[in-house]
Amino acid sequence: DISNTIDNQNDGCRTLPLSMHVGFDSLPDQLLKKSIKQGFCFNILCIGETGIGKSALMSSLFNTNFEDSPSTHFLPSVRLRAQSYEIQESNVLLKLTFVKTVGFGDQVNKADSYLPIVDYIDAQFEAYLEEELKVMRSLFSYHDTRIHVCLYFISPTGRSLKNIDLLTMRSLDSKVNIIPVIGKADSISKTELQEFKKKIMTELVTNGIQIYQFPTDDETVSEMNTITNGHLPFAVVGSMEKVKIGNKMVRARQYPWGIVKVENESHCDTVKLRRMLCTNMEDLREKTCAYYELYRRCRLEKLGCKDVGPENEPVSLQEVFEAKRLEFFLEMERKEEEIKQRFVQRVNEKAAMLEEAEQQASMPVYLEFLCQGRFRVNVRKMYSLKGLSSTGEQAAQGSVESQYLEVFKR
Ligand code: GTP
């Protein structure tokens with residue numbers, strides 16, 4: 001015990017008892033305090049066709065109204081709309097960004113619908129990389145906009161995935177954690193739903209699409225996560241409204257034939273999805289960093305940066321930078337020389353043409369030229385193209401003109 005040691009060593013001296021335990025086992029507490037002070041950020045991307053219930057689900061998950069003006073079905077291309085909110089639970093602040101697709105699946109040709117989404121995800125990675133490479137960087141206070149999870153809304157058709165779903169998920173599965181959800185799941189019967197879920201999972205496997213798997217290596221959550229992995233895709237129901245049931249207000253959808261309670265696990269999987277998102281938030285954030293590392297590596301390699309040379313010797317960033325700069329400089333020099341040569345060649349061609357035209361000029365044409373003043377202009381052009389002096393030009397002009405007039409008079 002540190003306090004005893006101090007007491008023994010300082011025999012006869014004034015001793016001060018420690019007011020609290022001192023040790024490096026307080027590190028986790030320091031980390032916790034700092035994290036709570038800073039707050040957490042979490043970014044969710046919702047992909048799904050117009051009106052599938054993206055905003056309603058988000059509102060139900062976070063018990064906040066993410067109401068948004070309804071999108072039209074007539075947009076020429078897919079767009080992404082981001083909204084940020086600060087939510088507080090106990091003393092923990094969550095900076096939540098909800099990004100959703102607008103106009104997804106509304107175009108006649110849907111082949112490129114996934115492109116704006118891929119671009120958006122890459123743009124967030126690029127922004128982070130730019131911050132990381134800055135001389136004066138501030139990653140600690142940087143507002144990280146990288147997408148931590150993508151909720152992919154599948155239409156409750158009860159049949160199978162559409163081409164647009166397969167294409168989009170395949171192009172995103174190496175960039176983001178995808179959790180597939182069946183939207184408006186209250187419109188599908190219980191038996192149909194089980195069949196539909198199985199069909200979706202089989203199709204995802206056959207098409208080689210990687211979706212997010214809740215981690216099973218942490219024993220505190222491994223059992224729950226294993227069971228939940230078997231529930232994928234989640235059949236979700238969302239609602240913006242609260243209905244009075246008994247003496248309680250609950251989030252629900254009221255129909256002429258009954259009520260669907262969003263919070264009731266036997267009605268839908270919305271609560272399961274919320275539980276899984278909250279308990280695995282840190283894992284989702286870590287996996288996002290892994291996707292970012294992949295993006296960063298490809299991006300830096302494309303720029304010519306590498307850690308080792310052809311014989312496995314380490315290469316410093318400075319060397320790579322210098323080599324690239326030299327390569328660029330030589331390329332610019334080569335281009336400049338090429339442009340110069342092309343220019344000289346064209347000048348010579350023009351001069352030859354003018355010379356030929358001058359030789360072929362007949363008297364009437366000369367007079368006509370004189371009247372319109374074009375002859376002078378042509379002689380001037382020729383001289384300036386050849387880089388000759390204006391005195392020479394005037395002399396030539398005068399001599400040619402007087403010769404022609406002489407002939408004409410005769
Ligand atoms: P856009 O932004 O316009 O694409 O819409 P969105 O996908 O955000 O859908 P939103 O949450 O605005 O819901 C659209 C309509 O569907 C609203 O009338 C909702 O009440 C309804 N709706 C939302 N969730 C559900 C659901 O789970 N089941 C049913 N049956 N209807 C839902």
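Excluded from the calculations below are hydrogen atoms, water molecules and symmetry mates; all remaining heavy atoms, backbone and side chain alike, are included. In this text, all values refer to a predicted model and were calculated from it rather than measured experimentally. Each ligand, and each atom within it, is numbered from 1 in the order the structure gives.
Listed by number with element, the atoms of ligand 1 under 4.0 Å from a non-hydrogen atom of V237 are 27 (O). Listed by atom number, the atoms of ligand 1 under 4.0 Å from P70 heavy atoms are 3 (O). In summary, the atoms of ligand 1 found under 4.0 Å from a heavy atom of S71, numbered by their order in the structure, are 1 (P), 2 (O), 3 (O), 4 (O). Less than 4.0 angstrom separates some heavy atom of Y255 from each of these atoms of ligand 1: 29 (C), 30 (N). Short contacts between ligand 1 and A56, defined as distances under 4.0 Å to a heavy atom of the residue, involve ligand atoms 11 (O), 23 (C), 24 (N). Each of the following atoms of ligand 1 lies closer than 4.0 Å to a heavy atom of K100: 1 (P), 2 (O), 8 (O). Residue contact check: T50 has heavy atoms under 4.0 Å from atoms 3 (O), 4 (O) of ligand 1.
Considering only non-hydrogen protein atoms, atom 27 (O) of ligand 1 sits nearest to G238 N, 3.0 Å. The protein atom (non-hydrogen) at minimum distance from atom 9 (O) of ligand 1 is G53 N, 3.1 Å. The nearest heavy-atom contact from the protein to atom 12 (O) of ligand 1 is S55 CB, 4.2 Å.
Distances between N or O atoms of K54 and those of ligand 1 include at least one value under 3.5 Å.
Put simply, part of G51 is less than 4.0 Å from ligand 1, judged by heavy atoms. Not a single heavy atom of S187 sits closer than 4.0 Å to an atom of ligand 1.
For atom 17 (C) of ligand 1, the protein comes within 4.0 Å by no heavy atom at all.
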Discussion item. Does N225 form a side chain to side chain donor-acceptor pair (under 3.5 Å) with N280? I'd like the steps, not just the answer.
Written reply: CA-CA 9 Å; N225 283 3; N280 295 288; 3.1 Å; yes
Practice prompt. Test side chain to side chain donor-acceptor pair (under 3.5 Å) on Y212 and D283 and set out the steps.
Written response: CA-CA 10 Å; Y212 176 72; D283 184 67; 2.4 Å; yes
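Under the 6.0 Å cut-off for aromatic ring centres, F98 and Y85 do not qualify, their centroids lying 6.0 Å or more apart. Residues F125 and Y291 keep their aromatic ring centres 6.0 Å or farther apart.
Between the side chains of Y295 and R297, no donor N or O sits under 3.5 Å from an acceptor N or O.
When the ring pair (Phe, Tyr, Trp, His ring centres under 6.0 Å) test is applied to F62, no partner is found at least two apart in sequence or on another chain.
In summary, of the residues considered (K287, Q124, E132), a side chain to side chain donor-acceptor pair (under 3.5 Å) with Y292 occurs for E132 alone.
The minimum heavy-atom distance linking I164 with G105 is given by the pair CD1-CA, 3.9 Å. Contact detail for N65 and R251: the closest heavy-atom pair is OD1-NH1, 3.8 Å.
Across the listed options M240, R253, E241, K184, R253 owns the non-hydrogen atom lying nearest to atom 20 (O) of ligand 1.
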